[in-house]
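Read through the structure below, which is laid out as C-alpha cells, and then see the notes.
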Amino acid sequence: REHRYDGIILDPPSYGRGGGGEIFKIETDLGPLLADCRKLLAEKRGSFVWLSCHTPGMTPTTLENLLVEAMGPGEVVSGEMLIAGRSEIARLPSGCCARWLRL
C-alpha cells in the first residue's frame with residue numbers, strides 16, 4: 001500500500017495461530033515481525049516502535065537487542081512492567097517493554 005507510519009505499537013502474543021493455521025512463536029517470529037515493521041516505519045526523525053511483551057523469559061535487554069537488530073541505530077529504552085500494589089514491595093511483574101526512537 002506504500003503507507004508509512006510515524007509510530008508502531010506492538011503487543012504480540014507469546015504463541016498464536018493464524019486463520020490459515022500459521023503458527024506464531026515469539027521466540028522465533030518476533031525478529032522477522034520487527035523487520036517487517038521497519039519497512040512500514042517513516043524515515044523521519046521521531047518515528048518510533050513501542051514493544052511490550054508478557055512472555056516469561058523475555059527481558060528488557062532482549063527486547064532492546066531485537067529492536068536494534070531490526071530497526072538499526074536509534075535511541076532505545078526498556079524496562080519491566082509492574083502492577084502496583086499497596087506498597088513498593090507488593091508490586092507484581094507483568095512483563096517488559098522497550099521503545100526504539102529514530103534520531
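- By the criterion of side-chain heavy atoms lying less than 4.5 angstrom apart, applied directly or through intervening Ile, Leu, Val, Met, Phe, Trp or Tyr residues, L30 is not grouped with I9; the two fall into different hydrophobic clusters.
- At distances below 3.5 Å, at least one donor-acceptor pair connects side-chain atoms of W100 with backbone N or O atoms of G72.
- Of the options D11, I26, T59, L66, a side chain to side chain contact (heavy atoms under 4.5 Å, CB included) to C53 is made by I26 and by none of the others.
- Counting heavy atoms from C-beta on, the side chains of F48 and L41 never come closer than 4.5 Å.
- Pairing each heavy atom of L67 with each of A98, the nearest pair is CD1-CB, 3.6 Å.
- One distance of note links OG1 of T62 with CD of E27; it measures 10.5 Å at 0.5 Å rounding.
- Although no hydrogens or angles enter the test, the distance criterion places a donor-acceptor pair under 3.5 Å between the side chain of S47 and the main chain of A42.
- Judged purely by atom type and a 3.5 angstrom limit, H3 has no side-chain atom pairing as donor or acceptor with the backbone of L40.
- Contact record, M81 with S52: CE-CB, 4.0 Å, taken as the closest heavy-atom pair.
- Counting only heavy atoms from C-beta outward, the side chains of L34 and E69 never approach each other to under 4.5 Å.
- Across C37 and L10, no two heavy atoms sit closer than the pair SG-CD1, 3.9 Å.
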Steps toward side chain to side chain contact (heavy atoms under 4.5 Å, CB included) verdict (L101, V77): CA-CA 9 Å; L101 177 68; V77 294; over 6 Å; no
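- Hydrophobic clustering places V76 together with M58 (ILVMFWY residues linked when any side-chain heavy atoms are closer than 4.5 Å, directly or through intermediates).
- What you find for L103 and R45 is that their closest heavy atoms are C-CG, 3.7 Å.
- Looking at heavy atoms from C-beta onward, L51 lies out of side-chain contact with S78 at the 4.5 angstrom threshold.
- In plain terms, the two heavy atoms of D29 and I23 that are nearest each other are OD2-O, 3.5 Å.
- Here the side chains of R4 and K44 are not in contact, with every heavy-atom distance at 4.5 Å or above.
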